[in-house]
Structures are given as structure tokens and as C-alpha cells.
Colleague: 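After the C-alpha cells below, expect a handful of questions from me.
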Amino acid sequence: MLNTFDFIREHYSPAAHTMVLQMLPVPRPSLSEARETSWTPLEDLVAYMETAKAVLAPGDPTFYRKMGFYGGSHMRALWVGIAVSEPTKALRFCGTLWRTFFDAGWLEVIEACPAGVILRIHDLPSAAPFCQRFLGSVEGVLSLSAIPVRVEERACTCHGDVYCEIFVTREPTRPTHERAATAITEAAPVIV
């Protein structure tokens with residue numbers, strides 16, 4: 001929850017965070033009481049996220065994923081990044097990390113190939129914004145290691161699937177100059 005607040009404050013402004021809290025359709029006391037050691041109901045987190053997107057970024061289809069990446073790759077998640085700094089550690093700690101952050105559902109880890117794994121999430125209430133945020137969070141946490149990763153959604157309860165399934169694989173490494181060229185090309189505006 002706190003990473004979500006941090007994302008809004010940093011990317012928009014502290015005033016934007018306050019505005020989102022004020023514009024929630026139903027008062028959510030858990031949000032104003034959120035602390036490092038407190039739990040926030042998933043429905044309250046999703047309500048905040050949906051309100052933030054509607055108010056601050058209605059046309060951004062990657063808003064929730066960017067929010068998750070921010071949360072996964074910043075200081076509040078630093079200890080998580082250390083725990084998953086190498087692929088074998090990541091596999092060993094996935095279940096523990098799940099139970100650390102979530103009080104519903106469970107995570108199954110399936111090795112798919114030497115370069116990737118499948119993560120299956122069972123029995124978590126369906127919430128499309130949260131699913132997209134979770135994809136970004138996995139990317140953000142795993143990007144703290146020296147190995148760049150790609151996270152792909154393969155199934156989701158929001159689409160009627162029995163569980164959510166995410167495929168996590170190493171990105172092919174490219175020379176630094178190719179990465180820089182790609183970043184410049186992707187960031188450049190398209191002139192028509």
C-alpha cells in the first residue's frame with residue numbers, strides 16, 4: 001500500500017495523493033491508517049488504484065503495471081530484492097514472500113525451463129488492476145538483480161481462468177549500445 005502512495009506522490013504530487021483519498025467513492029479508513037506494519041484490505045487498495053487512474057491517468061493502459069514496477073524496485077522492497085538476487089534464491093523464497101505480503105491465496109512455482117518459471121496464483125480474489133500491478137511488482141523486484149527479466153501474463157481469474165499464471169523469463173542480454181538505442185527509439189515521439 002505504501003509503495004502505491006509513494007508512486008502517486010513521486011509521479012504526480014503529494015497533493016494528488018490527497019486528492020485521490022478525497023475522491024474515493026466510499027470512505028476507506030484503512031488507507032489513512034496505513035503503516036509499514038499494517039494490513040490493508042485488497043478491496044481498499046484496488047479502490048485507491050482505480051480512483052488514482054481515473055483521476056490522474058485515465059488514458060494510460062500501463063498505469064497499474066508502472067505502479068507495481070515502481071513499488072517492486074524501490075527502497076521499501078530492497079530486502080525483497082536481496083532475497084531474490086539470484087534465480088535459485090527467488091524460487092526458494094517465492095512462497096515465503098507471498099505469505100509476507102498477502103493474507104489470501106497461495107503461490108505455486110513451476111520450473112518451465114532453465115531460463116524461466118511459471119508462477120500460479122490460486123484463490124486470490126479477482127481484481128484486474130491488482131493483477132496488472134502484481135505483474136509490474138514482479139518485474140520491479142526481479143529487476144533489482146543483475147539479470148533483466150520479462151514477465152508475461154498467461155492466465156488470469158479476471159478473464160475467467162481458474163488461477164492467475166505468470167511466466168517469468170530472463171531477457172536476452174544485448175550490448176549496452178543496443179539497449180541505449182532501443183531506449184532512445186522507444187522514448188522518441190512519433191511524428192506523423
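Hydrogens, waters and symmetry mates play no part in the numbers below; they use all other heavy atoms, side chains included. Computed from a prediction, not measured in an experiment: that's the story for all the values here.
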Colleague: For T4, enumerate each residue passing the side-chain hydrogen bond (donor to acceptor under 3.5 Å, both in side chains) test, keeping only those at least two apart in sequence or located in another chain.
Modeller: R133
Colleague: As an exercise, state the distance from OG1 of T62 to CE of M67, rounded to the nearest 0.5 Å.
Modeller: 11.0 Å
Colleague: Minimum heavy-atom separation for F134 to I121, with atom names?
Modeller: CE2-CD1, 3.4 Å
Colleague: Quick one: side-chain hydrogen bond (donor to acceptor under 3.5 Å, both in side chains) partners of D161, sequence neighbours excluded?
Modeller: none
Colleague: Is W106 reachable from V109 through a run of I, L, V, M, F, W or Y residues, each pair having side-chain heavy atoms under 4.5 Å apart?
Modeller: no
Colleague: Check which hydrophobic residues are tied to Y163 through side-chain heavy-atom contacts below 4.5 Å, counting indirect links as well, and list them.
Modeller: V162
Colleague: For E108, what residues pass the salt bridge (Lys or Arg N to Asp or Glu O under 4.0 Å) criterion, not counting sequence neighbours?
Modeller: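 Once residues adjacent in sequence are excluded, E108 has no partner under the salt bridge (Lys or Arg N to Asp or Glu O under 4.0 Å) criterion.
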Colleague: Do F69 and V138 have side chains that get closer than 4.5 Å, going by heavy atoms?
Modeller: no
Colleague: Would you sort out whether E165 and L119 count as a side chain to side chain contact (heavy atoms under 4.5 Å, CB included), showing the intermediate values?
Modeller: CA-CA 6 Å; E165 183 173 282; L119 303 178; over 6 Å; no
Colleague: Salt bridge (Lys or Arg N to Asp or Glu O under 4.0 Å): which pairs involve residues 13-26, sequence neighbours left out?
Modeller: none
Colleague: Quick one: are F167 and V151 in side-chain contact, heavy atoms under 4.5 Å?
Modeller: no
Colleague: Donor-acceptor pairs under 3.5 Å, side chain of residues 17-25 to any protein atom, not counting sequence neighbours: which ones?
Modeller:
residue: H17; atom: ND1; partner: Y48; partner atom: OH; Å: 2.7
residue: H17; atom: NE2; partner: R9; partner atom: NH2; Å: 3.2
residue: T18; atom: OG1; partner: P14; partner atom: O; Å: 3.3

Colleague: Between C131 and C158, what is the shortest heavy-atom contact and its length?
Modeller: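 That closest heavy-atom pairing would be SG-SG, 4.0 Å.
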Colleague: What is the minimum heavy-atom distance between A127 and V46, and which atoms define it?
Modeller: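 Where A127 meets V46 most closely, the heavy atoms are CB-CG2, 3.7 Å.
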Colleague: Measure the OG1-CG distance between T157 and D123 for me, rounded to the nearest 0.5 Å.
Modeller: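 Output value for this atom pair is 10.0 Å.
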Colleague: Can you list the residues that meet the side chain to side chain contact (heavy atoms under 4.5 Å, CB included) rule with Y12, with sequence neighbours excluded?
Modeller: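 With neighbours one apart ignored, the set is F7, I8, A16, L56, A57, F63.
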Colleague: What distance separates H122 NE2 from L124 CG, expressed to the nearest 0.5 Å?
Modeller: 11.5 Å
Colleague: With sequence neighbours left out, write down each residue that passes side chain to side chain contact (heavy atoms under 4.5 Å, CB included) with Q132, or none if nothing qualifies.
Modeller: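 Residues passing side chain to side chain contact (heavy atoms under 4.5 Å, CB included) with Q132: Y64, R65, L135, E153.
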Colleague: For residues 48-61, which residue pairs pass the salt bridge (Lys or Arg N to Asp or Glu O under 4.0 Å) check, not counting sequence neighbours?
Modeller: D60-K66
Colleague: Side chain to side chain contact (heavy atoms under 4.5 Å, CB included), that's the test. Do L107 and R120 meet it? Break it down for me.
Modeller: CA-CA 6 Å; L107 181 71; R120 283 192 186 145; over 6 Å; no
